[in-house]
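If you read the sequence from its start, that first residue is 1, and numbering goes on from there. Everything numeric here is computed off the predicted structure, so don't read it as measured data.
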Amino acid sequence: MMANRKYPIGIQTFSEIINGGYIYVDKTDLVWQLAHYAKFVFMSRPRRFGKSLLTSTLDSYFRGEKSLFDGLKIMALEQAWEQYPVIHLDLSGAKHMSPQGIRQELVRIISDHEKLYGRNEEEITPGMRFAGVVSRAFDQTGRQVAVIIDEYDAPLLDVLHEEAALKELREVMQEFYQRLKQLEPKIKFCFITGITKFSQLSIFSTINNLTNVTMDTAFAAICGITEHELSSTLKEDVERLASLNSMSYEDMHQNLKQRYDGYHFTEDSEEIYNPFSLLKAFQQRKVANYWFESGTPTFLIRQMQHFRTDILSLENLEVFSSDFDQPTENMQSALPLLYQSGYLTIKDYNREVDLYTLSIPNQEVRIGFAEGLLPVYTGLETRDVKAGFAMKFWLALKNDDVNQAMREMQVYLAGVPYVEGFKKKLADVSVAEGFYEYTMYLIFTMLNFYVRTQVKCAGGRTDMVVWMPDTIYVLEFKVNGTAKDALEQIDSHGYARPYETDGRKIVKVGVKFSPATMTVEDWVMG
């Protein structure tokens, strides 16, 4: 039975999943609630989190395709099963295009619906043709229209800070979206998905009654897999994966949790698993990092560079909702985009002061992030680090041989052909210390070590703490000073004291980096 389980990897059409006998985690009760929640609804979720499947499910529901929902939760809620015309627009393919290219793509999408409802030749622009299709669908059927727009922001993500290009593209999209308000009497329901919030696009500036359910607790689990769903609908898949990897069910469950779980989309949300990665692991029969198969999105790296994001701060950020849940054009940092894209998530919430704690969701994101950012922030090539240095370094630490691990790092960093820009920057001691902290953090993270930087304790801030199964490493770095000075600072400030009751071996390491040789010069252990 298990061998015949079919996983809908890359399938985003509800009818295909149901008719094809693929595994479907039933969200139809939430779909029904969403369809009756408000007339105009917006929801943001990270990529590969099931937004397109959600829009397809809404599409089938409003078309009244009752047979597809047989046996699902929605059957206890819906009685009428009325049929409405549906205008479903998927803009995911409208990327990396010029304004003219976007216009042509919008026309292409609309023309599919014009084949059914006809076209008025006086409708010239994409917005006019969009409005015409909705109006004719309403007139010809005598029923209001369900409008579904998936990935509304796709055309704009790669030009967020290219002012001229963004302005042109935004004008095209504004002309298109502004029609929604005037069409309101003819619309039964309008659902819009995306990653970001562009306040200057017409969906936010002109639709006064647009309801944003992105952080609405009622719909926190509408995309993604919950703990209950993993332990019920997908339980035999966890069992099969455990058996194939010679692990107990409990150990595999914990492995999946560490790798793919940890998303919270509201302050009261239960933890959510990344659905793409989880199903991919079942299909491939291996727990690995699947969300980053296509790499870290270019637009996100550009924003982090533009705002000079301190990647060391991303493990524990205390912020107000206005800091991370805000329109894209108003961003003063990359934080809103990091949150909206799924690279940060809510980890805690203090109701008394309305303060959120954001952090990287899980192991998969942490490792993939490190691999994507290593060349940007340090000049080191990820492939070279993993192929030549990483395994030797990891094995040395696993064998409790710190000296060998540091020698491996010393040799590797000494042989890196840094670009001239990095050499000039490292002449500044404060910049050099930050550079080496970034480098160590990204390398440790990429090797799947749990690492924290600038860890607060009673005596100050520890440069870095690394947790391994049997050992905790407390590290202090010096550029203008000696390795001995660094070790003495660990002792005098009590950086290792918080871990004395942990039960693991504690190793204190003072490290001296040299800007001249751009590698580890010396280290001392205590």
Side-chain angles (χ1 to χ4, degrees), residues 12-16 31 34-35 39-45 47 49-63 65 84-97 99-120 123-138 140-141 143-157 169-184 186-198 201-204 206-207 210-212 223:
Q12 301 172 335
T13 305
F14 177 69
S15 59
E16 184 177 352
V31 170
L34 184 68
K39 188 166 190 173
F40 288 89
V41 178
F42 171 77
M43 173 177 279
S44 170
R45 281 294 184 270
R47 65 191 178 96
F49 243 86
K51 296 190 300 296
S52 295
L53 175 57
L54 174 58
T55 61
S56 177
T57 309
L58 283 165
D59 185 315
S60 290
Y61 167 70
F62 278 104
R63 291 182 190 278
E65 296 173 342
Y84 299 91
V86 177
I87 305 298
H88 189 165
L89 311 176
D90 179 2
L91 272 64
S92 61
K95 299 175 181 176
H96 317 296
M97 291 183 178
Q100 182 57 29
I102 294 295
R103 289 189 186 92
Q104 292 172 350
E105 178 65 8
L106 291 173
V107 165
R108 183 193 68 78
I109 294 171
I110 291 297
S111 65
D112 289 339
H113 297 279
E114 289 174 335
K115 292 173 184 176
L116 183 60
Y117 298 110
R119 181 193 169 192
N120 184 333
E123 297 163 358
I124 303 171
T125 68
M128 289 178 182
R129 293 175 69 167
F130 174 38
V133 163
V134 173
S135 295
R136 283 187 294 277
F138 174 78
Q140 292 172 22
T141 64
R143 287 186 172 273
Q144 289 177 303
V145 181
V147 175
I148 300 170
I149 303 175
D150 194 13
E151 296 201 36
Y152 88 101
D153 55 351
L156 305 172
L157 291 177
L169 289 178
R170 192 163 53 203
E171 287 174 355
V172 174
M173 301 311 298
Q174 280 178 322
E175 190 275 332
F176 188 71
Y177 290 130
Q178 69 184 6
R179 312 290 170 169
L180 286 170
K181 185 176 182 179
Q182 68 190 57
L183 290 167
E184 189 273 334
K186 300 176 181 180
I187 291 177
K188 171 68 176 178
F189 177 77
C190 177
F191 183 62
I192 302 168
T193 80
I195 292 176
T196 58
K197 293 196 302 183
F198 283 91
L201 286 186
S202 301
I203 67 165
F204 293 103
T206 64
I207 304 176
L210 179 68
T211 301
N212 185 352
C223 292

Matching residue for V147 among F191, F130, F62 - test: side-chain contact (heavy atoms from CB on, under 4.5 Å): F130

CG of L53 to NZ of K51, rounded to nearest 0.5 Å, is 11.5 Å

Under 4.5 Å between any side-chain heavy atoms of V41 and C190, yes or no? no

Is E114 salt-bridged to R129, going by a charged N under 4.0 Å from an acidic O?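 Yes.
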
Are any non-hydrogen side-chain atoms of P155 and M173 less than 4.5 angstrom apart?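 Yes - at least one pair of side-chain heavy atoms lies under 4.5 Å apart.
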
Hey, does M128 have a side-chain heavy atom less than 4.5 Å from the side chain of N120?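 In short, these two side chains do not touch, never coming nearer than 4.5 Å.
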
Contact between K95 and E151 at the side-chain level, heavy atoms closer than 4.5 Å - yes or no? yes

On a heavy-atom basis, which atom in R45 and which in I195 lie closest, and how many Å separate them? O-CG1, 3.8 Å

Tell me whether R136 forms a cation-pi arrangement with Y117, defined as NZ or CZ under 6.0 Å from the six-membered ring centre and within 45 degrees of its axis. no

Donor-acceptor contact present, side-chain D153 to main-chain T196, <3.5 Å: yes

Parallel, tilted or perpendicular, as decided by the 30° and 60° cut-offs, for the rings of F42 and Y152: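 Because their plane-to-plane angle is over 60°, the rings of Y152 and F42 count as perpendicular.
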
Lys/Arg-Asp/Glu bridge criterion (N-O < 4.0 Å) met for E184, K39: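 Looking at E184 and K39, the cut-off is met.
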
Quick one: does S111's side chain have a donor or acceptor within less than 3.5 Å of a partner on R108's backbone?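 The answer is yes, because a donor-acceptor pair under 3.5 Å joins these two groups.
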
Is there side-chain contact between L106 and V172, with heavy atoms separated by less than 4.5 Å? yes

Taking the six-membered ring for Trp, are F40 and F189 closer than 6.0 Å centroid to centroid?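 So the answer is no for these two rings.
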
Can you confirm whether the side chains of Q12 and S56 place a donor and an acceptor under 3.5 Å from each other? no

Starting at CG of L89, measure out to CZ of F176 and round the result to the nearest 0.5 Å.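 Interatomic distance, L89 CG to F176 CZ, rounded to 0.5 Å: 5.0 Å.
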
Please examine the side chains of H88 and T55, heavy atoms only from C-beta on, and report whether any two atoms are closer than 4.5 Å.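 Side-chain contact under 4.5 Å: yes.
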
Can any side-chain N or O of T13 pair as donor or acceptor with the backbone N or O of S15 at less than 3.5 Å?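 Not at all, since once roles are kept as given, no pair shorter than 3.5 Å links the two residues.
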
Heavy atoms of S92 and A154 approach each other most closely as CA-CB, 4.2 Å

Do R143 and K188 touch side chain to side chain, with heavy atoms closer than 4.5 Å?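 Side chain of R143 against side chain of K188, heavy atoms only: no contact under 4.5 Å found.
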
Atom NZ in K181, atom CZ in R179: separation rounded to 0.5 Å? 14.0 Å

Does the side chain of E65 come under 3.5 Å of the side chain of S60 through a donor N or O and an acceptor N or O? yes

Shortest non-hydrogen contact from I109 toward D90: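 That would be CD1-O, 3.4 Å.
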
L91 and side-chain contact (heavy atoms from CB on, under 4.5 Å): which single residue from T193, D150, I102, I149 fits?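 Looking at T193, D150, I102, I149, the match for L91 under the side-chain contact (heavy atoms from CB on, under 4.5 Å) is I149.
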
Using modelled atom types and a 3.5 Å cut-off, is there a donor and acceptor pairing between side-chain atoms of Q144 and backbone atoms of I187? yes

List the atom of A94, the atom of E105, and the distance in Å for their closest heavy-atom pair.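 What the structure gives for the nearest pair is CB-CG, 3.9 Å.
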
